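FYI, the numbering just counts along the sequence from 1. Whatever order the structure lists them in is the order used to number ligands and atoms, beginning at 1. The model shown is predicted, which means the values in this text are computed figures rather than measured ones.
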Amino acid sequence: MRIAWSDTRSSLACPDSGLGRSQTRLTGYVQESIINTRAKKPQAPATIGNLPPLGMDADSIVDDFRRYFSHTLGRDESTDTNPQMYTSLVLSLRDRLVERWRNTRLAYSEADCKRTYYLSLEFLMGRALGNAMLNLDIDPATATALRQMGIELEALADQEHDAGLGNGGLGRLAACFLDSCATLQLPVTGYGIRYEYGMFRQKIENGCQLEEPDHWLRDGNPWEIERPEFATRVKFGGHTEYFTEQHGRTFVRWMNTRDVMAMPHDVPVPGYQNGTVNTLRLWRAAATEEFDLSEFNAGSYTEAVASKNAAEHITMVLYPNDSSENGKELRLRQQYFLASASLQDILREWVKHQGNDFSRFAEKNCFQLNDTHPTCAVPELMRLLMDEHGMGWDDAWAITSKTMAYTNHTLLPEALEKWSVSMFGRLLPRLLEIICEINARYLSEVALRYPGDIERQRRMSIIEEGHEKQVRMAYLAVVASFSVNGVAALHSELLQEHLFRDFYELWPHKFNNKTNGVTPRRWLAWSNPELSKLISDAIGDDWCTDLSQLQKLKAHADKATFRKKWRAVKQANKARLAEMVQQDCGVTFDTNALFDVQVKRIHEYKRQLLNVLHVIHLYDRIKRGDTANWTPRCVLIGGKAAPGYMMAKRIIKLVNAVAKVINGDPATEGLLRLAFLPDYRVSAMEVISPGTDLSEQISTAGKEASGTGNMKFMMNGAMTIGTLDGANIEIREEAGAENFFLFGLTAQEVEATRHHYDPAAIIHADEDFKRVMGLLCSGNFNLFEPGIFDPIINSIYSPNDPWLTAADFRSFVDAQRRVDQAYKDQDAWTRMSIINTATSGKFSSDRTILDYNREVWHLPQIAPKQG
Ligand code: 62N
C-alpha cells in the first residue's frame with residue numbers, strides 16, 4: 001500500500017535527529033521553534049525601487065494590452081473570442097490593481113491596526129472584470145482603448161468564467177462583504193479555498209438536471225497571484241504524545257502525521273474608486289516535497305509521484321450541498337485545511353512583527369466564522385498557541401474566546417454540522433483532545449450555574465451522546481465566540497428562542513443580529529447601468545457608497561416624466577432578460593407581460609412547488625375560459641439542486657414538464673409562459689434582477705434565514721410577493737405594506753398549524769386547488785412517464801409535510817390576484833417600483849459591514865496614500 005501523505009517522522013517533527021523522544025531534546029525542539037519565530041532582522045532590501053503610477057488613460061491601456069498580447073503571451077492572431085485577448089486586458093488592469101494593493105498593505109502595516117479575517121469555505125465571486133473596471137473608474141478608458149484596437153469589450157468580458165466557489169447565499173454574501181470592506185477601507189482579509197472545480201454546471205436534458213464539472217481554471221486565472229513564499233504545512237492523522245518539561249510543565253506533540261502543503265493564491269479585492277485593494281487569500285493543497293523523496297528512496301518512483309494526487313484532492317472540488325451536510329471525511333479535511341493554513345499564516349505574520357509576545361493579540365485580531373464550516377479554527381488556534389507557541393491553557397483560551405465571532409445562516413436541523421467523534425479523532429486527534437477539554441471546562445461552568453441539572457448538561461454538551469457520538473460544531477462555535485449573530489431580525493430572534501435557547505440564557509450578551517445586505521456596486525451600478533444613470537441624473541451619484549440616499553427618489557415617484565423614463569429602462573432590461581430566456585430556454589417572453597421570477601437554490605422549504613401550483617392554476621383558468629381582464633405573465637424559475645437531493649431534482653423535472661405543456665398549448669398564447677433557466681449563477685443574476693417585475697420570496701415562514709436575492713430584486717425596482725420570513729419582513733417594513741404583496745402563515749402560525757394540519761381537507765374545500773391537484777394527478781404533465789410526480793403529489797397531501805405547501809396555497813393565489821390587478825395600472829406599478837428602489841438603502845452590505853464593525857470588529861478605516 002502506498003502512503004498518500006508525507007510522513008514527517010524523518011524530516012520535520014524532529015529536525016536534528018530521527019529519535020526525538022528524550023525529554024531534553026524535545027524541550028530543545030519546542031524552545032527552538034519559539035526562538036525561530038522571534039522577530040528576524042529584516043534582510044537588506046533589493047533595489048527595484050518604486051515605479052511611477054501607471055496611466056489610467058486609453059493610450060496607456062492600449063500600450064500595456066499590446067505588450068501583454070504580443071510579448072508576454074506571444075500571440076499575433078486576434079479574434080474577439082481569443083482567450084489571450086481577455087488575458088491581456090486582465091493583466092493590464094491587474095497591474096493597476098497591484099499598485100493600489102501595495103499601497104493598501106503599506107497603509108495597514110504602518111497603522112499597525114486591528115484586523116479582521118473572514119474565514120469561509122465559500123466565496124462566490126462571479127466575474128471580476130466589470131467589477132475591477134467600475135471600481136478602478138477605468139471603464140470608459142478601457143472601452144475607448146479596445147475600440148481603438150477594433151475589439152468589442154462586451155465580447156471579451158463575456159469570456160470570463162464565473163468564479164463559482166460557493167453554493168448560494170452564504171458564498172455570495174462573503175463576496176459582497178469583501179466588496180464592502182474594501183469600499184469602507186477596513187483592514188479585512190478573506191481566507192478561503194481555491195477549488196479546482198467550483199459549483200457544477202447545470203444542464204437540462206429531458207427536463208432533468210445533469211451536473212457537469214466546472215473546470216473554471218482551465219484557461220488559467222489571470223486575476224490571482226500565487227505566493228509560494230507563504231506556503232504552509234497542514235497536518236493530518238498521526239497521534240499525540242504528552243511530555244513533561246524540566247520545570248514540570250507538560251506539553252503535547254502531534255506526531256507521525258501525514259502532511260499537506262497549503263499554497264496561497266491571492267486575489268485582489270478593489271474598493272469603489274478609493275485606492276484601496278484588499279486581499280482574498282485562497283489556499284490550494286499540494287503534496288509536500290519530502291514525501292516524494294521517502295517514497296522515491298523506497299524505490300517506488302512512479303507511485304510516489306502518483307500519490308501526490310491524494311494530497312491535492314483536498315481542494316479539488318466544492319461540495320455542492322447548500323443545506324445538508326453529509327459527514328464526509330474529505331469535507332472535514334477541507335475545513336481543517338482552511339482553518340489551519342489561515343491561522344498559521346496569521347500567526348506567522350504576527351510573530352514576524354511581535355515575536356512570541358501575544359499579550360496584545362486579542363485586541364488586534366478578530367476571526368469571523370462564516371457559519372460553522374471553518375469552526376476547526378477554534379481548537380486549531382488553541383493548539384497553535386499551546387503546542388507551537390508554548391502558551392498555557394488559560395492564556396490560549398483567553399485569546400481564542402476574545403477573537404472568535406460566529407455567524408449562523410440556518411435553523412434547519414439537517415444543515416447543522418456534526419462530525420462523528422471517531423472520524424474526527426482519526427483525522428485530527430490533537431484537535432479532538434482540545435475540543436473535549438473545552439467541553440469539560442465549559443460544562444463545569446454550566447454545572448456551577450445550574451447545580452444538579454444533568455439534563456441541561458447533556459443538552460448543551462458539545463459532544464452529542466448516543467449510538468455514534470458526534471461533535472456539534474454549532475455549539476463549539478457558540479461556546480468559543482464572543483459574538484453570535486443571525487442574518488435577519490426574525491432569524492436572530494428564532495436562534496435565541498429555539499436552537500441556542502440554553503446558550504442565550506447563559507450568555508445573553510453574546511447574541512446579536514446583523515441583517516444581510518448586498519453590494520450596490522455589482523447589483524445596481526454595474527448590472528443596471530441605465531437605471532443607475534437615471535438615478536444619478538435625478539439625485540446625484542453619492543448613492544453608490546451611501547445607499548440611504550436613494551430615499552431622495554421618493555420625491556421623483558410623483559413625476560410623470562420620471563416614471564416614464566423609469567418604465568423605459570425597465571422595458572429595456574426586460575428585453576435583455578427575454579433575449580437570455582430565448583437563448584437558454586428557447587421560450588419567447590413578451591416584454592409587455594409581467595415578468596415573475598424565482599431564482600435560488602432548489603429546496604422544498606423555498607417552495608418552488610407552490611410557485612408551480614400557482615402557474616398550473618393560471619393554466620387551468622385559461623383552459624376553462626376564465627380570462628377576462630387577464631394580466632399576461634411570464635414566469636421564470638431557475639436554480640440548482642444538490643446532486644443527491646431527489647425531491648429537488650424532481651421539482652426541476654416538474655417545472656420543465658409543466659412548461660412544456662403550457663408553452664405548447666395555443667390557448668396560452670399571449671397570456672402565460674413558463675421557463676426553467678438552466679445554470680443559474682452570479683453572472684445570470686446580473687441580467688435577471690434588472691429585468692424582473694415580481695420577485696418570488698415564498699419560503700415557509702421561519703425557514704429562510706434571510707435571503708439576499710430578495711434585496712437584489714428590490715434595489716432594481718421589482719415588487720416582492722412574499723411570506724413574513726427572513727429579511728422579507730424588513731423589506732416590507734422599509735417599502736411599506738402597500739408596496740409589498742404579503743401572504744401566508746407567520747412563523748408562529750406555522751408551528752401552531754403542524755399539530756392539526758390536514759392538507760387533504762384544505763384541497764377538498766378549495767375548488768381551484770382541487771382542479772390543480774386534479775391536473776397534476778391525472779398525469780396531464782407526464783403522459784409518457786406515469787407516476788414520476790407521485791413523490792411530489794404525496795408530499796403535498798402529507799399531514800407531515802414540513803413545508804405546509806397546501807396551507808399557503810389559497811392566500812398565495814389571492815396575493816397573485818392582487819399582483820395582476822396592480823400590474824394593470826402601469827403608472828401605479830411604476831410608482832411602487834420606484835418606492836421599492838428608493839427604500840432599499842438598508843440592504844446595502846455597506847450598512848451590514850458598518851454594523852459588524854461598530855458592534856463586533858471595531859476596526860479603524862484606513863485610506864492608503866495615493867500614488
Ligand atoms: C443561506 F455545510 N445559506 C441562507 F454543507 N447555505 O439559506 C439564506 F451543510 O437565507 C441567507 O440569506 C444566506 O445564507 C446568507 O446569510 C446558505 O447559502 C449554504 O450555502 C450551505 C453550504 C454548505 C452547507 C450548508 C449550507 C453544508
Using only heavy-atom distances, determine whether the side chains of [X] and [Y] contain a donor-acceptor pair under 3.5 Å.
X	Y	result
H491	N408	yes
T407	Q368	yes
Q202	Y680	no

Looking at ligand 1, is there an atom of it that comes within less than 4.0 Å of some heavy atom belonging to [X]?
X	answer
R601	no
S324	yes
N516	yes
G726	no
E122	yes

So which protein heavy atom does [atom] come closest to, and at what separation?
atom	result
atom 26 (C) of ligand 1	D322 O, 2.9 Å
atom 3 (N) of ligand 1	L170 CB, 3.9 Å
atom 9 (F) of ligand 1	E325 N, 3.2 Å

Closest candidate by heavy atom, reference [atom], pool [options]:
atom	options	result
atom 20 (O) of ligand 1	N710, N167, N408	N167
atom 12 (O) of ligand 1	C176, G169, G707, G486	G707
atom 10 (O) of ligand 1	Q335, E704, H409	E704

Determine whether Y118 and F367 satisfy the following criterion, ring pair (Phe, Tyr, Trp, His ring centres under 6.0 Å), listing intermediate values before the conclusion. CA-CA 6 Å; Y118 198 82; F367 305 100; over 10 Å; no

Run the numbers on N611 and Q598 for side chain to side chain donor-acceptor pair (under 3.5 Å), then give the verdict. CA-CA 8 Å; N611 193 354; Q598 185 178 27; 2.9 Å; yes

Is the number of heavy atoms from other residues, nucleotides or ligands under 6.0 Å of R501 CZ greater than 12? no

More than 12 non-hydrogen atoms from neighbouring residues, nucleotides or ligands closer than 6.0 Å to CD on Q748, yes or no? no

Quick one: which ligand 1 atoms are inside 4.0 Å of a heavy atom on [X]?
X	answer
S706	10 (O), 12 (O)
Y605	7 (O)
N321	5 (F), 22 (C), 23 (C), 24 (C)
H373	2 (F), 22 (C), 23 (C), 24 (C), 25 (C), 27 (C)
A705	10 (O)
V487	16 (O)

Might you point out which heavy atoms bring A727 and N710 nearest each other, and give the distance in Å? CB-ND2, 4.1 Å

R331, any N or O under 3.5 Å of ligand 1 N or O: no

Could you note down all residue pairs passing salt bridge (Lys or Arg N to Asp or Glu O under 4.0 Å) where residues 419-428 supplies at least one of them, sequence neighbours left out? E329-R426

Residues that R847 engages under side-chain contact (heavy atoms from CB on, under 4.5 Å), provided they are two or more places apart: T515, K842, D851

Check the pair W857 / Y852 against ring pair (Phe, Tyr, Trp, His ring centres under 6.0 Å), numbers first and verdict last. CA-CA 6 Å; W857 302 341; Y852 273 99; 5.4 Å; yes

